[in-house]
Peer 1: 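Have a look at the structure that comes next, please.
Numbers restart at 1 for each chain; the letters A, B, ... are given by sequence-line order, proteins then strands.
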Protein chains: 2
Amino acid sequence: MDAPTTRTDNKASTELYSDEELRDAMELLFFSYRDLIREPDAILEEYNFGRAHHRVIHFVGRNPDITVTHLLSILRITKQSLSRVLSQLVRENFIQQLEGPIDRRQRLLSLTQKGYELEDDLSRDQRNRITSAFVRAGPEAVNAFYKVLLNMMNNSEEFKQRAGT
Amino acid sequence: MDAPTTRTDNKASTELYSDEELRDAMELLFFSYRDLIREPDAILEEYNFGRAHHRVIHFVGRNPDITVTHLLSILRITKQSLSRVLSQLVRENFIQQLEGPIDRRQRLLSLTQKGYELEDDLSRDQRNRITSAFVRAGPEAVNAFYKVLLNMMNNSEEFKQRAGT
DNA sequence: GCATATATGTCAATAACACTGACTTAATTA
DNA sequence: TAATTAAGTCAGTGTTATTGACATATATGC
């Protein structure tokens, strides 16, 4: 490698994981993420939808009767950004908005039958991919996979709590 | 869950991994990916760069003397999309282009000293995150993590070959 | 040596998805 | 009643991608 010393200056070759190994891990995440969204991307195109629509469909599907505010906090986008996507999904009857029974300002979001069907379609290849990856790697590997990713992210406690239900 | 039957119709509760478990895995990837790019995103902003610049810096850093064509095939974007980002990075002296010694049409790309410094900066938090996730999960978990992600992606053989060098 | 193919770069128009800022409306809460 | 909250809208902007059409220099096949 003809990289200058700043790069190869690895602090210590005695360290557990080399910088290059860590960069490998990052690429692995990059490539597997890319391959995971490839098929849904193709399906979305048929509807003239984009990834933003997929994310909304996914999180509304997993959190029936979610409020707009809560959805915004998960997606971490602005109201205006969500608006375009969400109003399209409502207009085309993939998502329905119901007035909150307690707080009538709220518009509780949920998937319609049509929305569930699209979600099923969009996630099919992803579920197949993950299943086959889990099966091929074995059950201990699945736990390890969860452990590593949870350690990588910020609010892992919150996630575990949600996923545990 | 009050989802209609299309959703909860899980084919079989005897299956190894439930649809909800698989959707958990997808969210886990989504959230950890998002947290991984958070810090680099903030650094890029100081330079008025975006994620596209980061990707170029990363892959040029890992593949010194890469050709434009090869870089395009890794990134899977068009020449025109790369052009804007790459010419900026060259103009600001993060990347240098050298005429190919054999094929003089080629412009071999590599990071300058300044480019390596930026790459180091951008990847620091990511490397720290991954290291700590690996350490906390233990060495067997790291192998399992690789195994699962490799099984999820398309050209895993190609990746393993590259990463193995 | 000439025709063809390849590597790179550029101009122009368009689209998806995000942003900021400034408001409005309706309903809840202090 | 006043202030706050939930949701939505209008207008303008920026980044990153796209397609299509060309231009230039170099390499390669016959």
Peer 1: Less than 4.0 angstrom from a charged side-chain N to a carboxylate O is my criterion; do R124(A) and D121(A) meet it?
Peer 2: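 Between D121(A) and R124(A) there is a salt bridge, with a charged N closer than 4.0 Å to a carboxylate O.
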Peer 1: Does S81(B) have a side-chain nitrogen or oxygen under 4.0 Å from the phosphate oxygens OP1 or OP2 of dT16(D)?
Peer 2: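 It does not, given that no N or O in the side chain of S81(B) lies less than 4.0 Å from OP1 or OP2 of dT16(D).
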Peer 1: Can you tell me if Q126(A) uses its side chain to pair, donor with acceptor, with the backbone of L36(A) under 3.5 Å?
Peer 2: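 Yes.
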Peer 1: Using modelled atom types only, decide if a donor and an acceptor are shared between the side chain of S87(B) and the backbone of S83(B) within a distance under 3.5 Å.
Peer 2: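 Answer holds: yes.
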Peer 1: Which part of the nucleic acid, if any, lies within reach of L108(A) when heavy atoms closer than 4.0 Å are counted: base, sugar-phosphate only, or nothing?
Peer 2: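 Contact class for L108(A): none.
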Peer 1: Any chance you could measure H53(A), atom NE2, to I95(A), atom CD1, to the nearest 0.5 Å?
Peer 2: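 So the gap between those two atoms works out to 9.5 Å.
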Peer 1: Verify the contact: side-chain N or O of R55(B) to OP1 or OP2 of dA17(D), cut-off strictly under 4.0 Å; return yes or no.
Peer 2: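 For dA17(D), OP1 or OP2 has a side-chain N or O of R55(B) closer than 4.0 Å.
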Peer 1: Looking at T69(A), I'd like to know whether one of its side-chain N or O atoms comes within less than 4.0 Å of OP1 or OP2 on dA7(D).
Peer 2: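 Checking dA7(D) against T69(A), a side-chain N or O does come within under 4.0 Å of OP1 or OP2.
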Peer 1: By the 4.0 Å heavy-atom rule, please label T67(A) as base, sugar-phosphate, or nothing.
Peer 2: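 Sugar-phosphate, no base atom in range.
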Peer 1: Taking the axis from the first five pairs and the axis from the last five, what angle separates them in the helix from dG1(C)-dC30(D) to dA30(C)-dT1(D), rounded to 10 degrees?
Peer 2: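 Comparing the first five pairs with the last five, the axes sit 30° apart.
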Peer 1: If you assign each of Q80(A) and K79(B) to its closest nucleotide in DNA chain C, which residue comes earlier from the 5' end?
Peer 2: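 Closer to the 5' end of DNA chain C: K79(B).
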Peer 1: Which part of the nucleic acid, if any, lies within contact of E45(A), taking any heavy atom under 4.0 Å across all strands shown: a base, the sugar-phosphate backbone alone, or nothing?
Peer 2: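 Nothing, no nucleic acid heavy atom in range.
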Peer 1: Mind running ring-ring contact (aromatic ring centres under 6.0 Å, His included) on Y146(A) and F145(B) for me, showing each step along the way?
Peer 2: CA-CA 8 Å; Y146(A) 279 114; F145(B) 171 79; over 10 Å; no
Peer 1: Could you check whether any side-chain N or O of S110(B) sits under 3.5 Å from a backbone N or O of P64(B), counting only pairs where one atom can act as donor and the other as acceptor?
Peer 2: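 Between the backbone of P64(B) and the side chain of S110(B) there is no qualifying donor-acceptor contact (under 3.5 Å).
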Peer 1: Quick one: which of dT16(D), dA27(D), dG9(C) gets closest to the side chain of Q97(B)?
Peer 2: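 Nearest nucleotide to the side chain: dG9(C).
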Peer 1: Taking only the side-chain nitrogens and oxygens of T78(B), find out if one of them lies under 4.0 Å from OP1 or OP2 of dT18(D).
Peer 2: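 True: T78(B) side-chain N/O within range (under 4.0 Å) of dT18(D) OP1/OP2.
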Peer 1: Could D24(B) and R62(A) be called an ion pair, given the rule that one side-chain N must be under 4.0 Å from one carboxylate O?
Peer 2: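 Yes.
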Peer 1: Closest-nucleotide mapping onto DNA chain C: is E99(A) or I77(A) further toward the 5' terminus? I mean the 5' end.
Peer 2: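 Whichever sits nearer the 5' end wins; that is I77(A).
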Peer 1: Any base atoms under 4.0 Å from L86(B), or only sugar-phosphate, or nothing? Heavy atoms, all strands.
Peer 2: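 It contacts nothing in the nucleic acid.
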Peer 1: Which part of the nucleic acid, if any, lies within reach of R51(B) when heavy atoms closer than 4.0 Å are counted: base, sugar-phosphate only, or nothing?
Peer 2: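 The residue R51(B) makes sugar-phosphate contact but no base contact.
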Peer 1: What is the nucleic acid contact for H53(B), judged by heavy atoms within less than 4.0 Å: base, sugar-phosphate only, or nothing?
Peer 2: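 H53(B): backbone/sugar contact only, no base atoms under 4.0 Å.
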Peer 1: Which protein N or O atoms sit under 3.5 Å from an N or O of nucleotides 1-6 of chain C?
Peer 2:
unit_1: dT6(C); atom_1: O2; unit_2: R105(B); atom_2: NH1; d: 2.2

Peer 1: So, are K114(A) and E117(A) salt-bridged, with charged N and O less than 4.0 Å apart?
Peer 2: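 Answer for the salt bridge query: no.
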Peer 1: Any Lys/Arg nitrogen of R127(B) or D120(B) sitting under 4.0 Å from an Asp/Glu carboxylate oxygen of the other?
Peer 2: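 Salt bridge flag = yes for D120(B) with R127(B).
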Peer 1: Please confirm whether the shortest side-chain N or O distance from S83(A) to OP1 or OP2 of dG8(D) is below 4.0 Å.
Peer 2: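 Checking S83(A) against dG8(D): no side-chain N or O falls below 4.0 Å of OP1 or OP2.
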Peer 1: With respect to the phosphate group of dT16(D), does any side-chain polar atom (N or O) of R84(B) fall under 4.0 Å of OP1 or OP2?
Peer 2: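 Yes, such a contact exists.
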Peer 1: Could you check whether E27(A) pairs with R34(A) (Lys NZ or Arg NE/NH1/NH2 to Asp/Glu carboxylate O, under 4.0 Å)?
Peer 2: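 No.
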